Amino acid sequence: MKLCDICKKNPATVQFTQIINNEVKKLNLCEECAEKMGLFSDFFTTAGGTLLSPFLKGLSEFFEEEIRCKGCGLSLSEFQETGKFGCSQCYETFKTQIKGLLKRLHGSLTHKGKTPKILEESVEDRIRRLEEELKEAVKKEEYERAAVLRDKIRELKKRKK
Amino acid sequence: MKLTSFLKKEANWIKEKGEDSDIIVSSRIRLARNLKNYPFPARSKKELQKKIRDEIISKIKKISYLKNSEIFLIEELTPTDKRFLVERHLISYDLAKSKNIGAIVIGDNEILSIMVNEEDHLRIQGLNPGLNLFDTYNIVSVVDDELSKLLSYAYSEEFGYLTSCPTNVGTGMRASVLLHLPAIVKTNQINMLLESLTRLGMVARGFYGEGTKSLGDFFQVSNQITLGLSEREIVDKLERVVKEIIKKEKEVRESYYKREKFEIEDRVLRSYGVLKYAVKLSYQELMERISYLRMGIGLGIKLPVTIELINKIMLLSQPAHLEERLGKSLNFNEQEIERAKLVKSFL
């Protein structure tokens, strides 16, 4: 019988699957550890969704060391050591972890400035493209990104008038 | 020594330009850019670094503004060459030390230059004499726009231009002004100034930029924040801060001179004497003396030198400049002797 991945003592009776970065991670837990991580209380007393987050937070702490950027293989702990990213995809990979850092460094989380010329489509095209992205973000339940996109669209529409 | 041709040219930034040239030396804009489809230089193997460099250089050659530029491959430069370029503010200390397969592209009059494979794939820089941030930004931005049509930049709607270090993300822009602040330093008010800069989202660095010491009371004041402000806002904010610093330096100079007139005149004129008659000069001492001369000119003390000549002496008497000019390496002792000879020949 498999032992619990956290305490490594009791037999694992609960299996939890999480998808991070399109990679499936499986965690085998004993009942005691699962309860400590808030699995039962959150999972059974609420209908899931955002109220699951305390549990997910506990889980991500467990998994954190294993998150690696798909673009360059950089891990979060390597980033924390050097303070430098490995490739442009790292920003997407470690997005949730770096928001606090960016806010501390710059006091802001959203770019305001020039864009590469190749991306300079007409305002209409840009609004259309951003609206597509917004739909996708909502579908994927990436609400923070959706909020940023919504604000950009609003700003562009205002500029058009 | 591939760089001797540069000795005949005058670096553009030493020119005496605009008001307050005794306080403001030069203005610089730097944009950090990366290519979307490759890891950043530190995480690319040598072969990949070379591929990235070749791709970037082939595109740079298509930019009309850079038609007459010179391109140097970092691995083909001697340590003296690299130091020479650092002394001319064309490459960073980091690129000079780095083992990356990099390059430096230097445009006409050394106004525009591009470092390839430093910390980011591209560092596009503009350097002009005097307080001239807006014009410098415009030149750099035009070249950046042209390159963005030919290379796929790493860019996100949310975070802007994506850079190796999160301190550069967003605009990827560092705007800086090299200032000479002798009165603020000599009256022990520099730490107060540095602290208040931090509160304004600005930072002061040494003579050769990031990670270098202050020399001769020169400081590079630059923006710290790169995300959430537009390029124009950053430039505008820095320019306002710089103007405040200039005002402060002038006020301090005036009261300092009123208080210690003879003391200051004695030090300024002695500095001229030392520079004219010394047989050996370290760069450190030269810069200390030059600091007094520049302040003396600012205070209206009669001296047979101009700011432009002083800037020229500062540039040419740096260690690698001495070595490139004489075409041989010099030990420390020889350097001091050659420096004193050179300075004397200008005064």
Side-chain angles (χ1 to χ4, degrees), chain A residues 68-75 78-80 82-95 97-120 126-127 129-130 132-134 137 142 144-153 155-156, chain B residues 31 33-45 48 52 94 119-121 137-138 140-173 201 223-235:
Chain A
R68 281 188 177 272
C69 175
K70 272 179 88 186
C72 65
L74 189 86
S75 71
E78 281 174 299
F79 168 67
Q80 281 160 341
T82 61
K84 306 277 161 78
F85 290 119
C87 72
S88 52
Q89 277 188 49
C90 289
Y91 281 91
E92 199 54 43
T93 311
F94 304 117
K95 200 177 196 168
Q97 290 88 349
I98 59 166
K99 284 204 163 161
L101 172 73
L102 291 178
K103 188 94 192 166
R104 268 201 310 285
L105 284 171
H106 301 287
S108 167
L109 287 173
T110 320
H111 175 55
K112 183 177 162 197
K114 68 188 292 195
T115 53
K117 278 286 164 200
I118 211 142
L119 290 179
E120 260 181 30
R126 184 141 182 246
I127 291 174
R129 185 170 54 77
L130 291 179
E132 284 300 313
E133 276 182 45
L134 174 62
E142 296 175 353
E144 278 183 68
R145 191 161 90 96
V148 170
L149 289 166
R150 185 202 56 210
D151 291 347
K152 283 228 159 158
I153 293 167
E155 199 190 305
L156 286 170
Chain B
L31 298 178
R33 297 290 185 256
N34 285 285
L35 306 189
K36 192 164 64 188
N37 300 320
Y38 301 108
F40 299 143
R43 238 180 143 75
S44 301
K45 295 232 163 64
L48 190 57
I52 294 165
D94 282 344
E119 184 181 290
D120 295 297
H121 292 141
Y137 171 70
N138 287 337
V140 171
S141 183
V142 164
V143 171
D144 175 50
D145 286 345
E146 292 302 309
L147 281 170
S148 75
K149 291 178 199 161
L150 303 168
L151 294 162
S152 343
Y153 279 165
Y155 177 84
S156 94
E157 287 285 342
E158 196 173 355
F159 297 136
Y161 294 93
L162 305 174
T163 52
S164 165
C165 188
T167 54
N168 293 317
V169 75
T171 56
M173 183 169 96
N223 65 303
Q224 184 87 287
I225 292 167
T226 55
L227 182 66
L229 292 173
S230 73
E231 291 84 358
R232 305 251 156 218
E233 286 170 323
I234 292 171
V235 163

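Model, not experiment: these values are computed from the prediction. Scope of the values below: all heavy atoms of this structure, side chains included, with no hydrogens, waters or symmetry mates. So you know, we letter chains A, B, ... as the sequences are listed, proteins then strands, and number each from 1.
If you measure heavy-atom distances from Lys99(A) to chain B, the contacts under 4.5 Å come from the side chain alone. Interface remark: Ser141(B) contributes backbone and side-chain atoms alike to the contact with chain A (heavy atom separation under 4.5 Å). Neither the backbone nor the side chain of Glu146(B) comes within contact range of chain A; no heavy atoms are under 4.5 Å apart. Residue contact with chain B, scored on non-hydrogen atoms closer than 4.5 Å, involves the side chain of Leu102(A) exclusively. Heavy atoms of Arg33(B) lying under 4.5 Å from chain A belong exclusively to its side chain.
The candidate with the highest count of non-hydrogen atom pairs below 4.5 Å against chain A, out of Leu151(B), Asn34(B), Thr226(B), is Thr226(B). Of the residues considered (Gly228(B), Pro41(B), Pro166(B)), Pro166(B) shows the highest number of contacts with chain A, using heavy-atom pairs under 4.5 Å. Per-residue heavy-atom pair counts under 4.5 Å with chain B were compared for Leu109(A), Ile98(A), Leu101(A), Thr82(A), and the maximum is reached by Leu109(A). Listed options Gly113(A), Gly86(A), Cys72(A) were ranked by heavy-atom pairs under 4.5 angstrom with chain B; first place goes to Gly86(A).
Under the side-chain hydrogen bond (donor to acceptor under 3.5 Å, both in side chains) criterion, Lys84(A) pairs with Glu119(B), not counting sequence neighbours.
Rounded to the nearest 0.5 Å, atoms OG (Ser88(A)) and CG (Leu35(B)) are 9.0 Å apart. Between the CG atom in Leu229(B) and the NZ atom in Lys112(A) there is a gap of 6.5 Å [rounded to 0.5 Å]. Taking CG of Asp144(B) as the reference point, atom NZ of Lys117(A) lies at 9.5 Å (rounded to 0.5 Å). From Glu158(B), atom CD reaches atom NZ of Lys95(A) across 4.0 Å, with rounding to the nearest 0.5 Å. Here CD of Gln89(A) is found 9.0 Å from CG of Asn37(B). Values are rounded to the nearest 0.5 Å. Atom CG of residue Leu227(B) and atom OG1 of residue Thr110(A) lie 7.0 Å apart, to the nearest 0.5 angstrom.
Remark: the backbone N or O of Lys114(A) is paired with a side-chain donor or acceptor of Glu231(B) at under 3.5 angstrom. No donor-acceptor pair closer than 3.5 Å links the side chain of Tyr38(B) to the backbone N or O of Cys87(A). Looking at His111(A), its side chain never comes within 3.5 Å of a backbone N or O of Val169(B) through a donor-acceptor pair.
Every pair passing salt bridge (Lys or Arg N to Asp or Glu O under 4.0 Å) that includes a residue from residues 35-44 of chain B is listed here, sequence neighbours excluded: Glu78(A)-Arg43(B).
Taking both residues in full, the closest heavy atoms of Thr163(B) and Phe85(A) are given as O-CD1, 4.1 Å, listed atom of the first, atom of the second, then distance. When all heavy atoms are compared, the tightest approach of Tyr161(B) to Thr115(A) is OH-C, 3.1 Å. Considering every non-hydrogen atom in both Gly83(A) and Cys165(B), the closest pair reads O-SG, 4.1 Å.
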